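Worksheet: one structure, shown below.
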Amino acid sequence: MKGDGAEQLAEAGGKASAVVAAQEELALQENDYEHYVHHRNPIRRFITWWLSWWIPGMGMMAEAYFVFSIGNLKGIFKAEYPTCFDTHLPADQLVCSPKLTDTLTYTQVGGIIAGQLGIGFVCDRIGRKWGSVLNASLMFVFGILMSASVPGGSPNAVFTMFTVSQALFGVGVGGEYPVASTSANERAENTKHLKNRRGETVVCVFSMQGWGNLINTMVLVILMAAAGQYNPPYNPGRLDWVWRVSYGIGLIPITFMLFWRIFKLQESKVWIRKRSSLKSLGEASSSASKRNWLLVRHYWHRVGGCALNWFVWDFAFYGNKLFQGTFIKIINPGATLIQVLEWTLLNSTVALVGYYFAAFTIDRPWMGRMRMQAMGFAWMGMLFLICAADYTHLVKGGIKWFQFLYYFSSFWGQFGPNATTWLLPAEVVPTEMRAMCHGFAAAVGKAGALVAGVVFNLVDDRGKFWISAACGIAGVFCTLIFCPDLTGLDLKEGDKRWLAIIAGEADAYDGEAINPKHLSLIERLLGVGRNYNAASADSDSEGEGPAKPAQEPKATEA
């Protein structure tokens, strides 16, 4: 018995030593690029900062340019191909199958979900660089095929090729979500001066989605004007030229992005060193299947909460995006195609401002992730509730107020859940599972968009606002229950906790990652923070030592 006890103590001591060694591997990650923020020339300093999120965010800009273009192009498609989209025509006069035209949006979302799940899973194994290259390659190839969909062919042939190409393009779009978010998080984690600006770094990259939406709408307005398509009757040949050229322009940043990622992009140092720390555990490490089970056991509420919040948000957000033209027709019933695009451009501009309000306040202690998300959901719910409750009066005599309420909701959507639902899934789990979990949460969110596309088709315009208001209220409660606030937390602490978990020493970790202020309500109720030791957390922070000497920064880092 005595011998058995001694062996158990030795084994426990061995595990503890292995965990400490692996955690020390993580501590080596910190690096300091001081001249990122200390350029004497303010113009150079601004350009360096701007490029630091513009280039990594180019994939998000490209995906938004193409994804949101469907909502903008529906009116153009209907005018160019009336025998495909005119629901008033007898069935025997319709050239295209209604099933084909109805699936334009659904196939796109289906492809995005496949990419979020598949590439999110693969990216944790092949790395952030090659995951990024895979996304860009898919978008490049199938973006070309979308813009070249059987020119001069029958409408049925055009939309068959367009639909298939769009679905496969969507796979690359879906993969961009987990890859871009995890890369931005890890770049901030690996750079000392960005340690407390992680949210800003990630949301600035995400803001490129807003730029993609804005640029696509602007391009379509310019092309419609250049083609002289101001009022009906429209010229089908010129409308065909408009949407094909708009996609061709969208291929320019994708081409640059593909080149950059193949030849310039470096692998994430955080991802590399996390793999090294797992090797340091040696026999104390677990099999991949066991680690997946441990992830579910210890993080189910975080992953599930992020996915649920994203579902609620995308249900309202994409439902409104898909039917944006309908809402604009309420604001301006006689709007022509180009006027609808101009109203959409205004909405996109308002939304873009919201991204930057989110970026520059999300790391402030008085704001943080949870408050911002709950606040955004609350504003969205309240504004849509007013639109629904006073709908008849607003559309008849208070159209300017209706316009303000609808556009103001776009601002709060970005300055709230659209930014936080993209940020959080890459923060709340360990590095080795980060892309997979982000992809899962994003896929559940896109499922919300898919459901919205069906449900919003079944209700009247007023009902759409009631549903969106309900989503906002539900989002507040989901946030308060499931959302942890990791503002100010070094993500290395989360990896230290994870290393202890997979070594079977979960209770031995007492650091900052389980500080109750960084836990969700459900985690606190479940006792996740019961072992937190403030003194130990402070000593760990002090023991990390000085940063390594400054090195020349590379904007190409993943």
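Count residues from 1 along the sequence. These figures come from a predicted structure and were not determined experimentally.
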Please state whether the rings of Phe408 and Phe411 are parallel, tilted or perpendicular, taking 30° and 60° as the class boundaries. parallel
Checking Thr217 side chain against Asn213 main chain: does a donor-acceptor pair fall under 3.5 Å? yes
Does Thr191 reach the main-chain N or O of Leu194 with its side chain, forming a donor-acceptor pair under 3.5 Å? no
Check: Met367 and Met375 side chains under 4.5 Å, non-hydrogen atoms: yes
For the residue pair Phe415 and Trp412, categorise the inter-ring angle as parallel (less than 30°), tilted (30 to 60°) or perpendicular (more than 60°). parallel
Between Arg369 and Leu423, is there a donor-acceptor pair closer than 3.5 Å when you use the side chain of the first and the backbone of the second? no
Would you give the length of the straight line joining atom SG of Cys483 to atom CE of Met370, rounded to the nearest 0.5 angstrom? 7.0 Å
Okay, side chain of His438, backbone of Glu427: is any donor-acceptor separation there less than 3.5 Å? no
Look at the aromatic rings of Phe465 and Phe384 and report parallel, tilted or perpendicular, splitting at 30° and 60°. tilted
Distance-only, no hydrogens or angles: does the Arg261 side chain make a donor-acceptor pair with backbone N or O of Val133 under 3.5 Å? no
Whether Tyr509 side chain and Ala513 backbone form a donor-acceptor pair below 3.5 Å: yes
Decide whether Glu523 and Ser520 meet the rule of one side-chain donor and one side-chain acceptor closer than 3.5 Å. yes
Distance-only, no hydrogens or angles: does the Lys464 side chain make a donor-acceptor pair with backbone N or O of Phe456 under 3.5 Å? yes
More than 12 heavy atoms of other groups within 6.0 Å of Phe357 CZ: no
So, the side chain of Asp390 versus the backbone of Ile386: is there a donor-acceptor pair under 3.5 Å, distance only? no
Arg497 charged N/C atom sitting above Tyr299 aromatic ring, 6.0 Å / 45°: yes
Report the residue from Arg198, Arg273, Arg434 that forms a salt bridge (charged side-chain N to carboxylate O under 4.0 Å, His left out) with Glu189. Arg434
How many angstroms lie between CZ in Phe482 and NE2 in His301, if you round to the nearest 0.5 Å? 9.5 Å
Tyr407 and Asn347: side-chain donor and acceptor closer than 3.5 Å? no
Whether the Asn196 and Asp363 side chains hold a donor-acceptor pair (N or O, under 3.5 Å, no angle test) is what I'd like checked. no
For Ser183 and Ala180, indicate whether the former's side chain and the latter's backbone hold a donor-acceptor pair under 3.5 Å. no
Between Asp510 and Tyr532, is there a donor-acceptor pair closer than 3.5 Å when you use the side chain of the first and the backbone of the second? no
So do the side chains of Val205 and Trp54 get within less than 4.5 Å of each other, counting heavy atoms only? no
Go through the steps to decide whether Tyr355 and Gln209 satisfy the test side-chain hydrogen bond (donor to acceptor under 3.5 Å, both in side chains), and finish with yes or no. CA-CA 9 Å; Tyr355 283 99; Gln209 184 187 73; 2.9 Å; yes
Steps toward side-chain hydrogen bond (donor to acceptor under 3.5 Å, both in side chains) verdict (Thr431, Asp495): CA-CA 7 Å; Thr431 298; Asp495 280 340; 2.7 Å; yes
Can you classify the ring geometry of Tyr177 versus Trp310 as parallel (below 30°), tilted (30 to 60°) or perpendicular (above 60°)? tilted
Salt bridge Lys517-Asp485, side-chain N to carboxylate O under 4.0 Å: no
Flag the pair Glu432 / Arg291 as yes when at least one side-chain heavy-atom distance between them is below 4.5 Å, and no otherwise. yes
